[in-house]
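Counting from 1, the numbers follow the sequence of the chain as shown.
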Amino acid sequence: MDDVYLKPKIPDGQYVVEFTRYYTAEMFKKQGAKVCLGFGIVEGNYAGFELQRFYSAARLIGSTGEDGGFKAKSQTSVMLMEYCTCFPDQEIKRLDRIPMSRWKEGKFIVQTRTPKRNHQGSDTPTQLQYSVIDKIIKRVE
């Protein structure tokens, strides 16, 4: 998606998606190390729509951007909980060595939501609202 376009808004609900990419970024004046997973909806009326799932990271390793390195926040972080739910056979020993290539395996069911406030707590006008992945529920074959 070209960065001149606004992110799409779709009805909140569950969708079947496939992984497209991940990247790391510093958000909010370098106070938030983030890992973003990108997914595309593959079924239904909204097939082709791109959605993102953001996670907080303890820190970023190396350069930010596509396929950037990171250390997960903790053993019980949302990122690792969703990852291990989708890949129960994956052994995790270190918070800085999570095989992101596993996301290329299969499709996933996700729950979306539309945030009504921005990171500063201000109301977001309706025409600027967009959909995000609220939770990665499970991997489907």
Side-chain angles (χ1 to χ4, degrees), residues 1-44 46-141:
M1 175 184 280
D2 191 336
D3 65 355
V4 300
Y5 294 99
L6 296 179
K7 296 174 188 173
K9 179 180 174 183
I10 60 175
D12 292 354
Q14 292 186 2
Y15 296 91
V16 177
V17 299
E18 283 182 330
F19 177 78
T20 56
R21 68 187 185 119
Y22 91 91
Y23 64 90
T24 58
E26 289 283 351
M27 305 279 248
F28 313 127
K29 298 183 183 176
K30 297 201 180 240
Q31 294 179 10
K34 299 288 183 183
V35 177
C36 176
L37 277 65
F39 293 90
I41 297 175
V42 294
E43 296 178 3
Y46 299 99
F49 278 69
E50 294 286 328
L51 297 168
Q52 297 178 324
R53 176 68 166 127
F54 285 92
Y55 299 102
S56 294
R59 65 183 171 88
L60 302 181
I61 301 168
S63 299
T64 60
E66 292 286 326
D67 303 325
F70 64 91
K71 177 185 169 204
K73 265 197 139 169
S74 72
Q75 187 168 337
T76 58
S77 66
V78 174
M79 178 193 309
L80 283 180
M81 300 294 273
E82 289 182 0
Y83 184 95
C84 290
T85 297
C86 291
F87 309 108
D89 62 326
Q90 180 67 50
E91 189 174 331
I92 305 285
K93 291 185 178 184
R94 292 179 52 150
L95 295 175
D96 62 344
R97 297 205 178 147
I98 301 164
M100 299 303 281
S101 60
R102 294 291 310 263
W103 289 109
K104 295 176 186 174
E105 302 172 14
K107 297 176 183 174
F108 305 88
I109 295 177
V110 300
Q111 177 67 44
T112 65
R113 69 178 170 86
T114 303
K116 306 290 192 239
R117 296 179 180 269
N118 66 16
H119 72 281
Q120 296 172 326
S122 300
D123 290 338
T124 302
T126 304
Q127 64 268 39
L128 298 179
Q129 293 176 1
Y130 58 93
S131 298
V132 297
I133 295 173
D134 191 47
K135 181 178 184 177
I136 300 173
I137 298 170
K138 67 179 181 177
R139 183 173 151 211
V140 293
E141 300 300 323

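- Distance check, rounded to the nearest 0.5 Å: CG of Leu80 to CD1 of Ile98 gives 4.5 Å.
- The two atoms that bring Thr114 and Ser131 nearest to each other are OG1-OG, 3.7 Å, heavy atoms only.
- Taking each heavy atom of Asp96 and Ile61 in turn, the nearest pair found is CB-CD1, 3.9 Å.
- Between Thr112 and Asp12, the shortest heavy-atom distance links the atoms OG1-CA, 3.5 Å.
- The main-chain N or O of Pro8 is never found under 3.5 Å from a side-chain atom of Tyr130 such that the two would form a donor-acceptor pair.
- The two residues Phe39 and Trp103 have their closest heavy-atom pair at CZ-CE3, 4.0 Å.
- Using a 4.5 Å heavy-atom threshold, the side chains of Tyr55 and Tyr83 count as separate.
- With Glu82 as the fixed residue, the salt bridge (charged side-chain N to carboxylate O under 4.0 Å, His left out) test singles out one of Arg102, Lys138, Arg139, Arg53: Arg53.
- Within the 4.5 Å cutoff, no side-chain heavy atoms of Thr124 are placed close to those of Lys116.
- Scanning both residues, Arg59 and Ala33, for their nearest heavy atoms gives CA-CB, 4.1 Å.
- Distance check: Glu26 CD to Thr64 OG1 gives 7.5 Å after rounding to the nearest 0.5 Å.
- You'll find the side chain of Ile10 reaches within 4.5 Å of the side chain of Leu51, heavy atoms only.
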side-chain contact (heavy atoms from CB on, under 4.5 Å) between Tyr22 and Val35: does it pass, once the steps are laid out? CA-CA 7 Å; Tyr22 91 91; Val35 177; 4.1 Å; yes

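- Between Leu37 and Met79 there is no side-chain heavy-atom pair separated by less than 4.5 Å.
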Residue pair Asp67, Met100: steps toward the side-chain contact (heavy atoms from CB on, under 4.5 Å) verdict: CA-CA 8 Å; Asp67 303 325; Met100 299 303 281; over 6 Å; no

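- Here the CD1-CD1 distance, from Ile136 to Ile109, works out to 12.0 Å after rounding to the nearest 0.5 Å.
- The closest donor-acceptor contact from the side chain of Tyr15 to the backbone of Ala47 lies at 3.5 Å or more, if one exists at all.
- Two residues are said to be in side-chain contact when any heavy atoms from C-beta on lie closer than 4.5 Å; Phe108 and Val140 fail this criterion.
- For the atom pair CD of Glu66 and SG of Cys36, the computed distance is 9.5 Å after rounding to the nearest 0.5 Å.
- Taken from CD in Glu105 to CD in Glu18, the straight-line distance is 12.5 Å, to the nearest 0.5 Å.
- Nearest heavy atoms, Gln52 versus Tyr23: NE2-OH, 3.3 Å.
- Side-chain atoms of Lys9 and Gln129 include a donor-acceptor pair closer than 3.5 Å.
- Listed for the Thr20 side chain is a donor-acceptor partner under 3.5 Å among the backbone atoms of Gly38.
- One distance of note links CD of Glu50 with CD1 of Ile41; it measures 9.0 Å at 0.5 Å rounding.
- Thr24 and Lys34 share no donor-acceptor pair across their side chains, judged by distance under 3.5 Å alone.
- Within 6.0 Å of the CD atom in Gln127, the count of heavy atoms belonging to other residues, nucleotides or ligands exceeds 12.
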